[in-house]
Visitor: 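First, the structure itself, so that you have it in front of you.
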2 protein chains.
Amino acid sequence: MMNSGSRSALVASGKKYRTRGISRRVSRITISAIKEMPLLASRIGGCVSLGQGIPSFPTPGHIVEAVCRALRDDPDSGKYTLGPGMSELRQAVARDLGARGIEADPDREICITVGAMEALSEAVLTVVERGDEVILPSPNYASHIEQVLLAEGVPVFVPLTREDWQLDVESIRNAVTPRTKAIVLCNPHNPTGANFAEADLRALAQIALENDLFVISDETYDFLVYDGQRCFSLSTLPELRGRIIATFSFSKKYAMTGWRVGYVYASEEILDQMMKIHDAMSICAPTVSQLAALAALQGPQDCVEQIRAALTRRRDLICARLDRLPDAFGYVKPRGAYYLMARYRFPGTDSMTFALRLLHEARVIGIPGAAFGPDGENHIRFSFGGAEEQIEEAFDRMERWFAGSPFSR
Amino acid sequence: MMNSGSRSALVASGKKYRTRGISRRVSRITISAIKEMPLLASRIGGCVSLGQGIPSFPTPGHIVEAVCRALRDDPDSGKYTLGPGMSELRQAVARDLGARGIEADPDREICITVGAMEALSEAVLTVVERGDEVILPSPNYASHIEQVLLAEGVPVFVPLTREDWQLDVESIRNAVTPRTKAIVLCNPHNPTGANFAEADLRALAQIALENDLFVISDETYDFLVYDGQRCFSLSTLPELRGRIIATFSFSKKYAMTGWRVGYVYASEEILDQMMKIHDAMSICAPTVSQLAALAALQGPQDCVEQIRAALTRRRDLICARLDRLPDAFGYVKPRGAYYLMARYRFPGTDSMTFALRLLHEARVIGIPGAAFGPDGENHIRFSFGGAEEQIEEAFDRMERWFAGSPFSR
């Protein structure tokens with residue numbers, strides 16, 4: 001049964017209110033359904049999650065052990081670092097970027113941040129003025145929308161192609177106006193699992209150059225592509241220097257979501273400005289997490305290969321399970337990250353209603369597609385970051401639920 | 001010799017520029033001299049610091065050991081927590097606040113944050129609209145000024161009393177206009193070391209009530225008062241519920257500056273709004289640091305007493321050394337925190353010039369008073385968080401420097 005009480009608890013369902021005295025920038029933001037669905041599920045109990053993207057892996061033991069050694073041996077391990085982060089870590093980051101074809105000066109062009117999220121927020125706050133338009137592919141990671149609203153910018157959603165969730169370069173070009181300030185792009189793409197084509201990314205860079213736009217690039221999933229593909233990074237393009245702000249994360253690559261550590265790469269001119277917000281927001285990234293990040297970069301890399309292999313198996317599993325429900329779902333096979341957007345075949349049912357029924361009646365958590373922008377409607381986002389048993393259990397439940405013809409009632 | 005090259009490197013010296021395409025909010029912020037002076041000093045080399053407030057103590061061993069155990073034993077220790085933080089930690093925080101007379105619901109009124117700084121930024125961004133006025137005592141912690149500018153608010157500086165750095169309640173009342181939205185208050189006070197009188201704090205609460213203002217309270221140093229005094233918390237006043245946003249930190253009390261963990265206490269109505277920014281900025285505070293904070297609250301508290309005792313000795317030492325330089329400095333004896341504002345007796349020398357000469361010629365780092373607002377001019381902030389040998393060495397150098405009559409040259 002649809003529970004309207006639960007539904008009204010979800011701000012993401014469209015309810016927008018202004019609490020007395022609360023600033024416009026905050027009033028305009030809705031709480032991400034990615035965060036609300038698990039909270040709701042925790043009140044229901046017994047749910048299985050294809051919701052938030054927390055991979056099941058623990059942080060590798062060699063990283064944990066390096067942190068414990070540093071905490072015991074180094075009396076400075078509990079103290080602030082310099083604002084941009086530990087010098088040794090910035091150098092290791094620059095070497096790592098260099099190996100991927102991205103030339104970065106560790107002293108002037110890199111800042112260690114509280115995950116990629118701090119970096120993304122600060123990037124948007126640094127370049128987006130009230131009323132500036134920001135182009136976002138749609139569907140798109142919900143937090144990027146929040147970040148544009150936080151800066152009082154205007155999100156301009158440009159649909160991805162429906163058949164394969166790729167960039168529609170001509171539509172992006174047509175969406176540019178004199179007020180356009182930036183394009184925010186996540187690749188590999190959350191929530192669709194797309195890995196954007198190099199030719200399209202190069203064309204997008206050209207649009208940015210021709211129209212004097214900043215490119216804010218979320219490269220959180222850069223290591224995670226399937227089927228022997230490569231992921232093309234906009235940060236490798238020399239012509240974008242001075243207008244690209246690229247953010248990276250240790251969260252997914254090294255199973256370190258809770259450590260809250262990532263970094264930003266930008267020109268000195270831009271980074272100097274971003275550092276003002278970094279100083280006012282966080283002073284520096286957590287030292288203990290910087291130590292973990294350093295251990296991750298300096299240690300063996302087979303943990304990354306293991307994560308990639310496990311997620312490949314999970315991707316194949318979720319696709320196989322979806323293929324057994326052709327009357328319920330259509331989808332595009334993910335080529336990167338660990339999400340997919342399943343298009344449910346129940347005309348007239350909005351994605352919040354669908355997600356809430358799935359939650360209440362099948363006890364499966366998925367994220368309503370509308371949370372990812374207008375073109376996410378009629379979809380539900382499934383994460384396949386969880387363990388295989390979890391994916392199996394979720395689909396067992398959904399199969400039973402669909403067998404009861406819930407939408408014909 | 002005054003080095004004009006170095007000086008122009010200091011944005012805080014007054015140079016304000018707008019980089020092409022950078023948002024107004026960021027352009028208006030100057031980099032805190034608190035952060036710039038140590039960077040400058042690192043290029044000079046051989047300097048001794050009375051600058052940034054990093055106490056010399058390492059994080060207590062029992063906290064470190066509890067963290068190492070959790071990292072090894074709990075596979076979730078590397079993963080995101082819920083946005084507001086670990087439930088167990090919020091409950092421990094609520095108990096701790098309760099013991100201090102502050103009633104807080106751990107599920108609705110507390111959020112664990114990336115230090116008090118994240119909480120303060122988000123508080124200001126949540127209640128301050130572009131053009132809103134925010135009352136700040138002056139001198140005042142530089143980051144509070146940055147945070148108001150980040151929200152595009154207008155800082156309205158109200159001088160503290162000169163003889164003892166106390167609140168001038170009548171001046172605060174007179175500074176209120178129809179555009180005033182909030183008062184930001186740090187007590188015990190950085191940078192002056194004042195512990196504000198309870199009667200004045202109650203009067204300030206009354207002003208907030210009468211004029212429908214928010215009170216943003218930075219209680220980072222709440223445990224650190226000297227001479228057997230108490231620190232009065234505005235958060236204990238029931239009449240401020242719904243309009244106070246109070247921020248607390250583990251950084252100084254448990255020698256945990258690098259862990260970046262603190263928390264905010266506010267009404268559910270306000271906190272729900274702040275959580276939107278928290279989600280877009282950091283997702284959650286670092287799990288490892290939340291584990292450290294939990295160990296700090298649950299473990300023995302004698303480490304806090306040891307820190308307080310050591311800082312009392314350092315306070316007495318810096319006062320004794322200042323008393324030996326009466327021709328150079330006047331000051332108000334600190335009653336809390338670990339800073340003081342020394343008024344130097346060299347008419348016509350601005351605080352940046354003074355601080356840079358001290359740095360270049362005496363190799364001593366102090367923070368120019370102008371960084372703390374207009375009423376900080378003609379002062380230099382000294383921190384006595386450093387080890388006693390460091391304080392002695394800094395004053396030995398200054399005594400030799402003053403003996404050379406640098407200002408008569």
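Each chain gets a letter, A, B and so on, in the order its sequence line appears, and its residues count up from 1. Hydrogens, waters and symmetry mates are skipped; everything else that's a heavy atom, side chains included, is used.
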Visitor: For A/M281 and B/L150, which heavy atoms make the closest approach, and how far apart are they?
Guide: SD-CD2, 4.1 Å
Visitor: Looking at A/R25 and B/E129, is any side-chain nitrogen of the basic one under 4.0 Å from a carboxylate oxygen of the acidic one?
Guide: no
Visitor: Looking only at non-hydrogen atoms, find the nearest pair between A/R260 and B/Y80 and report the distance.
Guide: NH1-CE2, 3.7 Å
Visitor: B/S282 versus chain A, heavy atoms under 4.5 Å apart: side chain, backbone, both or neither?
Guide: both
Visitor: By a 4.5 Å heavy-atom criterion (distance strictly below it), what part of A/L71 contacts chain B: side chain, backbone, both, or neither?
Guide: both
Visitor: If I measure from the heavy atoms of chain A, does B/V128 come under 4.5 Å with its side chain, its backbone, both, or neither?
Guide: backbone
Visitor: Could you check which of A/A151, A/G61, A/A292 has the highest count of heavy-atom pairs closer than 4.5 Å to chain B?
Guide: A/A151
Visitor: Where on A/V261 is there a heavy atom nearer than 4.5 Å to chain B: the side chain, the backbone, both, or neither?
Guide: neither
Visitor: Can you check whether B/V288 reaches A/W259 side chain to side chain, under 4.5 Å on heavy atoms?
Guide: yes
Visitor: Which of the residues A/M117, A/K181, A/E152, A/E65 is involved in the greatest number of heavy-atom pairs with chain B at under 4.5 angstrom?
Guide: A/M117
Visitor: For the candidates B/T81, B/L82, B/I283, B/I277, which exhibits the highest count of non-hydrogen atom pairs separated by less than 4.5 Å from chain A?
Guide: B/I283
Visitor: Between B/E146, B/E122, B/H144, B/R243, which has the largest tally of heavy atom pairs under 4.5 Å with chain A?
Guide: B/E146
Visitor: By a 4.5 Å heavy-atom criterion (distance strictly below it), what part of A/S56 contacts chain B: side chain, backbone, both, or neither?
Guide: backbone
Visitor: Between B/G83, B/P58, B/S121, which residue shows the highest count of heavy-atom pairs closer than 4.5 Å to chain A?
Guide: B/S121
Visitor: Please list all pairs meeting salt bridge (charged side-chain N to carboxylate O under 4.0 Å, His left out) that have one or both residues in residues 279-291 of chain B, counting only residues at least two apart or in different chains.
Guide: A/K35-B/D279
Visitor: Given heavy-atom pairs under 4.5 angstrom as the criterion, report whether the side chain, backbone, both or neither of A/F214 touches chain B.
Guide: side chain
Visitor: If I measure from the heavy atoms of chain A, does B/I63 come under 4.5 Å with its side chain, its backbone, both, or neither?
Guide: neither
Visitor: Side chain, backbone, both or neither: which part of A/D212 has an atom under 4.5 Å from a heavy atom of chain B?
Guide: side chain
Visitor: Hey, does the side chain of B/K79 reach the backbone of A/A255 with a donor-acceptor pair shorter than 3.5 angstrom?
Guide: no
Visitor: Give me the atom names and distance for the closest heavy-atom approach of A/C68 to B/C68.
Guide: SG-SG, 3.3 Å
Visitor: Where does A/Q290 contact chain B at under 4.5 Å (heavy atoms): side chain, backbone, both or neither?
Guide: neither
Visitor: Which heavy atom of B/L125 sits nearest to which heavy atom of A/S23, and what is that distance?
Guide: O-OG, 2.7 Å
Visitor: Can you name the closest pair of heavy atoms from A/T59 and B/G78 and give their distance?
Guide: OG1-CA, 3.5 Å
Visitor: Which bit of B/A285 comes within less than 4.5 Å of chain A, counting heavy atoms only: side chain, backbone, both or neither?
Guide: backbone
Visitor: Please classify the contact of A/T126 with chain B as side chain, backbone, both or neither, using a heavy-atom distance under 4.5 Å.
Guide: both
Visitor: What is the minimum heavy-atom distance between A/Q273 and B/I22, and which atoms define it?
Guide: OE1-CG2, 3.7 Å
Visitor: Flag the one option from B/Q147, B/M275, B/E118, B/R130 with the top tally of heavy-atom pairs under 4.5 Å to chain A.
Guide: B/R130
